[in-house]
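Shown next, in structure tokens, is the structure this report addresses.
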Amino acid sequence: MPHPASRVLAMLELLQAHRRMTGRDLAARLGVDERTVRRYAATLDDLGIPVTADRGRYGGYRLLPGFKLPPLMLTDEEAVAVVLGLVAAGRLGLTTGSPAAATAEAKITRVLPPALAERLAALRASLGLTLRAPRDPAADPGTDLLLALGAATRARQVIALTYRSGPRRVDPYGLVFHSGRWYLVAHDHHHGDVRSFRLDRIAAVEPAGESFEAPPDFDAVAHVTRQWAGLPWRWEVEVLLEAEIAEVRRRVPAAVAEITEDPRGVLLRCRAESLPGMAHMLAGLGRPFTVLRPAELRTAVAEHAARLADFARRGDLPGPRSGVRAEPVPPARP
């Protein structure tokens, strides 16, 4: 027979996994009668874990939010998911300067079964992420600021920002983590448009005592990616691609270019500082394309194609690699 303490912990796990459970359901899941369930609820309450019982035909048991987090009962899969989430958040820069993420990971790891802890340690050591956290510690916005902005966004509350470039009064629409930094997407009352504010440049936030109506279905992530794709770099680029739009969107990030359907194919629009770099990216797509503008990009594409053709001919030259031949590389379509 399981020890009563085991059943008390099992009841805690059930109440954490379900918003509310009846006494009959709990009794059936634990293999006891309803009177014993009431005794277990009292035991949890004595331990400082607030359990409330609603009487009546549709009554039941549920956990009440307390001033501290009660002991969490996690399965092996849940513990692995939490630890990996904390590791990934730290690597990507999602966590703030507080050591809370590291200490939370350490607490969970200490109580894992030895075999699982060893396997998880091996996985953690071999885990690699292509995205990296920002090196600049000033990019860390702090937990309090993140929570304050999240609350204001959810409550549709106008806020006053103390921003590096001056005070701002804004309607917060959403928080976005992009390229290692946090951004607040908000309607700026002074400029009358939607802008992105870097959180590491916000010194203070105060509620303005007003509410606002957000635009329906506003996408803060799409706003930031469009903003990055339209940065005022030197060249305005338009290219027509002969490809499926889904394929292009998979290979060209939204922060790099705007991808739209066109009767002639797929239209790629962006701004670029380096035309040789743009030519390299277009050639890497491996699809026929037509440069609509600027004309200078056609020259950059032709020069890139000439370099590739020169690399291909090197296989015909005498030397240590003379036995290696390369297939001719057709030049990219201008």
Side-chain angles (χ1 to χ4, degrees), residues 1-90 92 94-96 98-121 123-124 127 143-144 146-157 174-175 177 214 217:
M1 294 289 291
H3 194 277
S6 300
R7 289 202 179 101
V8 172
L9 292 176
M11 178 171 169
L12 174 59
E13 183 177 3
L14 288 170
L15 292 176
Q16 288 177 341
H18 300 81
R19 191 176 188 88
R20 178 181 164 279
M21 293 190 72
T22 66
R24 179 179 299 177
D25 289 340
L26 284 168
R29 297 286 291 272
L30 298 172
V32 297
D33 56 35
E34 293 187 46
R35 178 178 299 179
T36 304
V37 169
R38 290 195 292 271
R39 189 167 68 249
Y40 289 169
T43 300
L44 290 172
D45 193 63
D46 290 342
L47 293 172
I49 302 170
V51 178
T52 183
D54 300 323
R55 298 186 180 279
R57 181 180 178 182
Y58 299 103
Y61 295 86
R62 59 190 176 93
L63 288 177
L64 288 179
F67 67 94
K68 62 180 180 180
L69 188 68
L72 289 175
M73 306 295 294
L74 300 175
T75 65
D76 289 355
E77 291 80 5
E78 291 168 342
V80 171
V82 171
V83 171
L84 289 180
L86 291 169
V87 171
L92 299 179
L94 281 167
T95 53
T96 60
S98 166
T103 56
E105 180 192 346
K107 287 180 180 179
I108 295 174
T109 302
R110 280 198 296 267
V111 297
L112 290 175
L116 178 60
E118 180 63 27
R119 294 175 65 189
L120 186 57
L123 175 60
R124 191 189 189 289
L127 178 65
T143 303
D144 291 342
L146 276 173
L147 293 176
L149 292 174
T153 301
R154 182 176 183 179
R156 300 290 189 260
Q157 185 179 53
L175 291 165
F177 185 76
D217 301 322

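Numbers for residues simply follow the sequence, beginning at 1.
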- Item | Chi angles and distances behind the side-chain contact (heavy atoms from CB on, under 4.5 Å) call for Leu12, Leu63 | CA-CA 9 Å; Leu12 174 59; Leu63 288 177; 4.2 Å; yes
- Item | Worked check of side-chain contact (heavy atoms from CB on, under 4.5 Å) between Val80 and Arg119 | CA-CA 10 Å; Val80 171; Arg119 294 175 65 189; over 6 Å; no
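Rounded to the nearest 0.5 angstrom, Leu149 CG and Arg154 CZ are separated by 15.0 Å. Atom CG in Leu116 sits 9.5 Å away from atom OG1 in Thr109 (nearest 0.5 Å). Rounding to the nearest 0.5 angstrom, the gap separating the CZ atom in Arg29 from the CG atom in Leu14 is 5.0 Å. How far CD1 of Ile108 is from CG of Leu86: 6.0 Å, rounded to the nearest 0.5 Å.
Within 6.0 Å of CD in Glu34 there are more than 12 heavy atoms belonging to other residues, nucleotides or ligands.
Between Arg7 and Gly31, the shortest heavy-atom distance links the atoms NH2-O, 4.4 Å. Across every non-hydrogen atom of Gly23 and Tyr61, the tightest pair is CA-CE1, 3.7 Å. Considering all non-hydrogen atoms of both residues, Leu44 and Met11 come closest at CD1-CG, 4.4 Å. Of all heavy-atom pairs between Val51 and Asp45, the closest is N-OD1, 4.0 Å. The minimum heavy-atom distance between Pro50 and Gly48, with the atom names listed, is CD-O, 3.4 Å.
Looking at residues two or more places apart in sequence or on another chain, you find a side-chain hydrogen bond (donor to acceptor under 3.5 Å, both in side chains) between Asp33 and Thr36. For Thr153, there are no side-chain hydrogen bond (donor to acceptor under 3.5 Å, both in side chains) partners two or more places apart in sequence or in a different chain.
By the 4.5 Å heavy-atom criterion applied to side chains, Tyr40 and Leu26 are not counted as neighbours.
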